[in-house]
Structures are given as structure tokens and as C-alpha cells.
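One structure is given below, encoded as C-alpha cells.
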Amino acid sequence: MPTSSDKDGHRPAPQLLLRELTAGYGGTPIIRDVSIAVGLGEVVAIVGPNGAGKSTLLKAITGQIRSLRGSVRLAEADVTNMRGDLLARHGVGYVPQVRDVFDTLTVAENLEMGAYLLAKSELPERIHEVLAIFPALQKMRHRRAGTLSGGEHKMLAIGRVLMLRPTTLILDEPTSNLSVSLSKTVLNDYVRRTADAGTAILLVEQKAVAALEISDWAYLMMGGAIRLDGPAGELLDRPDFRQIFLGHVAKHIPSETAGTG
Amino acid sequence: MSVLVASIGFGLISTSILAIAAVGFTLQFGVTNVFNLAYGSVMTGAAYAAYVANQFGVDIWVSMVLGGLFGAALSLLINRGLYTPFARHGLGLAGIIQVTLALGLILENGLQAIFGPSYHSYQMSQGPSFHFGSMVFTAVQVGIMGIALASMIGVHALLAHTKLGKAMRATAADAPLARSCGIRTEFVTDIAWLLSGLLCGIAGVILVMDLQSFTSTTGSNFLVPVLAAAVLGGIGQPYGAMLGALIIGMVSEVAAAVTLPQYKEVIAFVILLVVLLFRPRGILAEVASLKEVVA
Ligand SMILES: Nc1ncnc2c1ncn2[C@@H]1O[C@H](COP(=O)(O)OP(=O)(O)O)[C@@H](O)[C@H]1O
Ligand SMILES: [Mg+2]
């Protein structure tokens with residue numbers, strides 16, 4: 001099985017493949033002709049400023065808004081505009097930017113809903129495995145998710161999505177509202193490691209530097225379109241990327257770089 | 001003194017009927033976001049369905065089950081055939097409420113066209129009397145309280161301990177997120193309408209069994225206390241609706257006993273207004289939000 005793109009930019013066969021995807025709210029396109037590939041074992045980042053259309057793109061992939069044009073493929077299957085529950089059956093996990101846990105359910109019940117498609121007999125073992133990744137959740141099992149702090153909340157959201165052992169994982173700003181150190185933990189320990197275990201991960205991030213550090217490939221999105229892409233490690237040094245993106249958010253980058261050491 | 005004791009007995013019966021009706025109503029809103037003002041008319045429809053069965057010689061308790069099933073089927077049909085298509089065409093929450101109100105009137109007038117404006121009664125006996133201290137209940141009233149208790153335990157067991165019940169709560173909390181977990185939310189929504197319709201239908205029949213006569217407006221007249229109980233408990237929260245039913249049922253019967261019986265609905269209405277003014281998220285909301293602050 002081909003995993004992770006190597007240093008020369010050879011990439012694994014796409015598990016998730018978007019071709020010229022165009023979508024918006026109520027007939028007006030917000031994102032236009034977006035083509036993106038994510039292979040098994042890869043973390044592929046989409047970075048871009050607020051309002052670029054990143055969340056809209058993920059909503060189109062996950063069947064929450066209808067695509068107007070283009071296609072979404074999973075391995076060999078065409079899943080364009082497929083309903084969310086059927087995508088889950090195709091092994092797609094999704095953590096939205098907001099509203100990412102069931103507030104009125106307990107932590108344990110949230111994990112159970114994450115494992116909705118697993119056989120009941122698999123549940124205890126799977127909960128045990130996921131709680132081993134997030135030991136802090138163990139003692140909160142019976143608390144309502146709505147009472148968790150920002151960090152605990154995000155851990156639960158990621159734990160919930162891992163319950164199903166997704167082959168394709170779509171994450172919308174998993175580090176928003178998290179401290180710098182917790183962001184690093186989420187990206188390095190959870191996101192990168194899940195990809196290394198063979199999952200295809202599409203990661204949307206505003207914290208561009210931190211995201212690019214753990215990604216294999218990256219796309220820059222602005223104004224609803226992909227402006228450029230390349231190996232994540234090289235993108236930060238490319239003059240065109242710096243000009244378009246770093247120039248755009250120059251104020252944010254130095255502090256973020258300082259924070260990540 | 002004995003008036004007060006008797007009114008507590010009446011309060012328990014009112015609470016039982018209200019609890020079943022209010023839990024059904026709140027489930028509909030909680031899972032499917034429809035504030036179904038046709039609920040009272042569906043109760044009446046179920047009462048007439050039981051009446052027809054009863055006229056054919058079917059035992060009243062079996063007729064009650066048939067009325068419940070009628071309520072379940074009618075509710076599912078209403079949602080599939082009317083509310084969902086309207087919502088799909090982009091009609092918002094407030095617009096749907098108007099549709100439910102219109103449907104309630106249509107059902108009510110339809111029932112009147114079929115059965116006429118006069119009052120009807122079931123063929124049933126109230127059975128032997130039972131004494132609990134100084135309170136006296138008929139066998140029918142004991143049956144009503146038993147059904148209410150069993151329904152509440154059943155709803156609790158479903159929501160707290162079964163996969164389907166948890167999926168229902170997950171869908172209520174966040175339907176798109178539930179879908180992304182693989183939950184077929186359309187199916188879960190259908191089940192929610194069947195279940196809430198069952199409760200609605202049973203409530204309609206036992207309301208009539210308690211009142212002993214009814215007409216096409218009986219259910220919709222009962223809607224105010226149902227709304228009061230559901231809103232008091234925090235709309236969409238089944239346990240809140242149970243508590244709300246207890247408060248509305250008890251307070252309105254006891255208050256009616258010390259004032260005048262015809263004030264019962266008025267008292268429920270006043271409680272509803274006070275709650276909407278001071279606790280629009282229900283009496284339990286404070287507890288929940290307090291927990292959030294502490295965490
Ligand atoms: N539900 C919505 N309805 C209409 N427009 C929306 C909606 N959500 C987002 N938008 C618009 O789509 C554009 C892209 O938003 P979004 O995809 O959330 O950007 P990002 O995630 O990159 O910050 C914005 O201009 C935003 O105003
Ligand atoms: Mg976003």
C-alpha cells in the first residue's frame with residue numbers, strides 16, 4: 001500500500017479526489033473548480049484566510065450543501081452529493097469547525113454515536129482504545145458534552161470521529177479555540193499519527209505554519225479557489241506562497257512562528 | 001380539607017394524562033423541530049378512532065391501543081406528507097407553525113363533518129373503586145395512572161438505554177452531525193413521529209375516558225395545558241415535560257378546587273405566560289446552564 005508522499009513529491013494514489021468542485025449556498029457558487037487529492041497515509045492541508053471558502057468546501061464534500069458542478073470520488077466510488085450517513089458507511093469521518101459534539105449527550109454516549117455503524121459487540125473494546133488515546137476523557141465519561149472546556153470538547157470530537165476507524169478523515173480547524181501547546185498536541189499526536197496509521201486526512205487550518213509542519217501536501221485557498229499547491233515543506237519557502245498568503249496575513253505569522261518555536 | 005385531598009387525587013389523574021401528551025409533544029419538537037399545534041386535533045382524531053372501534057364492541061382498553069396506533073400512523077403521515085415537503089421548500093419554523101395550526105383546524109372540522117357537533121361517549125364501566133387513604137379512584141383512573149407510569153418508564157428506558165433512543169437524542173441535538181456518524185436521521189425522525197403520535201393518540205383516548213364525553217374540539221381545548229407543561233419543562237426535554245405535567249396537573253386542580261373548576265385552563269394558561277416571561281427555556285434550563293458555568 002502506498003503511503004505518504006515522499007520528499008520528491010511523489011504522491012500515493014488518491015483515496016479522496018475532488019475534480020473541479022463548485023458549490024455554494026442557494027445556487028450562488030462560493031467555491032469554484034476546486035481540484036484536490038488526498039492519498040492514504042497523507043495529511044493534506046488546505047490553508048487560507050477567513051472567509052476563503054474552506055468550510056464551504058468541506059460541507060460540499062460531506063453532502064451538507066449540494067455541489068453545482070464537479071465530482072467527489074472515494075477510491076473508485078463516485079460520492080458526489082452523497083448523504084452524510086452514506087458517506088460514513090464509505091468510511092468518511094468528519095469533524096466540523098463548530099457544533100462538533102452532541103452537547104446534550106454524555107461523553108460516553110458521544111463516543112457511542114461515533115461508533116453507530118459498528119457492531120454492538122465491538123463497542124466496549126473500541127471505547128477502551130479511544131479512551132487510551134485521550135485518557136483525560138476517561139473520568140468525564142458521564143458528564144454532558146456541553147459542560148466540557150474547549151480543549152476537552154475538541155478531544156471528544158476527535159475521539160468520536162476515530163471510533164469508526166475512518167479511512168478518510170475530514171477536519172475543519174481542529175485547533176481553533178485551543179492553546180498553542182494543545183494545538184501542537186492535536187496536530188502532532190492525533191492528526192499526524194492517525195495518518196501514519198494509514199488514514200487519508202484532509203485538514204483545514206488557519207494556523208498555516210503549524211499545519212504545514214505536519215502535512216505532506218498543501219493547497220492555498222483564497223476567494224473560493226485553489227491558488228497554488230505543493231509539498232507542504234516547500235510551500236513556506238516559495239516566494240509565490242509568501243507573496244500571496246504570508247503577505248496577506250503578515251501580522252499573524254511571526255507570532256505563530258514564535259509560538260511553535 | 002377533604003376537597004383538597006380530592007383535588008390532589010384529580011391532580012394525579014390530570015398529571016397522568018398531561019404527562020403522556022406533553023412528552024409526546026416535546027419529543028416532536030425536540031427531534032424534528034416542528035411545534036405541532038395540530039397535536040390536540042390528532043388527539044381528538046385518535047379518540048374518535050377508539051370510539052369507532054368501541055362502537056363495534058371492542059373493549060375500551062383495546063380501543064385505546066387502536067387509538068394510539070391511529071395517532072402514530074396519522075402523525076407519521078402528517079409529517080411525511082405535509083411538514084417535511086413544506087420544510088424542504090424552505091419554509092421556516094414560524095411558517096411551519098402556521099401550517100400546523102391550519103391543519104389542526106382542518107382536522108377538527110373534518111371530524112365534526114363526520115361525527116357531528118354533538119357529544120359522544122365510550123361504552124365502558126368505571127369499574128370498582130379503590131381507596132388510597134382518603135383518596136378514592138375508579139378502576140379506570142387507576143388504569144390511566146398505570147399507563148402513564150409505564151409510558152414514562154418506557155420513554156426513559158428508550159432514550160437513556162437503547163441505541164435507537166440515543167440516536168434520537170443525537171438527531172435532536174444536531175441532525176447533520178448525527179448523519180455524519182452514519183445515523184439515518186430520516187428513519188430516526190419517522191420513529192420519533194410514530195412514537196410521539198402513539199403517545200398523542202393514547203393521551204387523546206384516556207383524556208376522553210376520564211372526561212366521559214367528548215366532541216371535535218376536546219383535544220384542541222386540552223392543548224393549552226399540554227403546551228404549558230412542555231414549555232415549563234423546557235421545550236424538547238422529555239424529563240422536563242414530565243415535571244411540567246406534574247406541576248401543571250397538580251397546581252391547576254388544587255387551585256381550581258379552592259377557586260372555581262372552570263378556572264383550570266385559565267390557571268394553566270397563566271402559568272404558561274409566567275414561564276414564557278421569566279423562564280423561556282424552562283425551569284430546568286437554570287440547572288443545565290449552571291453546570292456549563294461551573295465547568
Ligand atoms: N450558511 C451560509 N449561507 C450563506 N453564505 C455562507 C454560509 N456560510 C458561509 N457563507 C459565506 O461563504 C463564504 C466562505 O465562508 P467559509 O466557507 O465559512 O470560509 P472559511 O471556512 O474559509 O473561513 C463567506 O463569504 C461566508 O459569508
Ligand atoms: Mg471555516
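In the text below, chain A, chain B and the rest are named by the order of the sequence lines, each starting its count at 1.
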Could you check which of Val92(A), Thr106(A), Asp100(A) has the highest count of heavy-atom pairs closer than 4.5 Å to chain B?
->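 Counting heavy-atom pairs under 4.5 Å, the top option is Asp100(A).
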Which atom names give the shortest non-hydrogen contact between Phe102(A) and Asp174(B), and what distance separates them?
->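 Closest heavy-atom pair between Phe102(A) and Asp174(B): CE2-O, 3.6 Å.
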Which heavy-atom pair separates Ala88(A) from Cys181(B) by the least distance, and what is that distance?
->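 For Ala88(A) and Cys181(B), the tightest heavy-atom pair comes out as CB-C, 3.9 Å.
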To the nearest 0.5 Å, what is the distance between [atom1] ([X]) and [atom2] ([Y])?
X         : Y         : atom1 : atom2 : result
Arg179(B) : Arg83(A)  : CZ    : CZ    : 8.0 Å
Arg160(A) : Leu177(B) : CZ    : CG    : 4.5 Å
Ser180(B) : Gln64(A)  : OG    : CD    : 7.5 Å
Asp103(A) : Arg169(B) : CG    : CZ    : 12.5 Å

So which pairs with a foot in residues 84-99 of chain B pass side-chain hydrogen bond (donor to acceptor under 3.5 Å, both in side chains), sequence neighbours left out?
->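 side-chain hydrogen bond (donor to acceptor under 3.5 Å, both in side chains) check on residues 84-99 of chain B returns Asn79(B)-Thr84(B).
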[X], part contacting chain B, at a heavy-atom distance under 4.5 Å:
X         : answer
Thr62(A)  : neither
Asn110(A) : neither
Leu123(A) : neither
Val161(A) : neither
Arg89(A)  : side chain
Glu152(A) : neither
Leu87(A)  : neither

Identify the residues of residues 145-164 of chain B whose heavy atoms come closer than 4.5 Å to a heavy atom of chain A, ordered by number, or report 'none'.
->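 Residues in range: Ala160(B), Lys163(B).
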Can you check whether anything in residues 184-191 of chain B gets within less than 4.5 Å of chain A, heavy-atom wise, and list it by number?
->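 So the qualifying residues are Arg184(B), Glu186(B).
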Which residues in residues 126-142 of chain A have any heavy atom lying under 4.5 Å from a heavy atom of chain B?
->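 None at all.
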Contact part of Ala178(B) toward chain A, heavy-atom cut-off under 4.5 Å: side chain, backbone, both or neither?
->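 Both backbone and side chain.
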Greatest number of heavy atom pairs closer than 4.5 Å to chain A - which of Gly90(B), Ala173(B), Ala172(B) =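 Going by pairs under 4.5 Å, I would pick Ala173(B).
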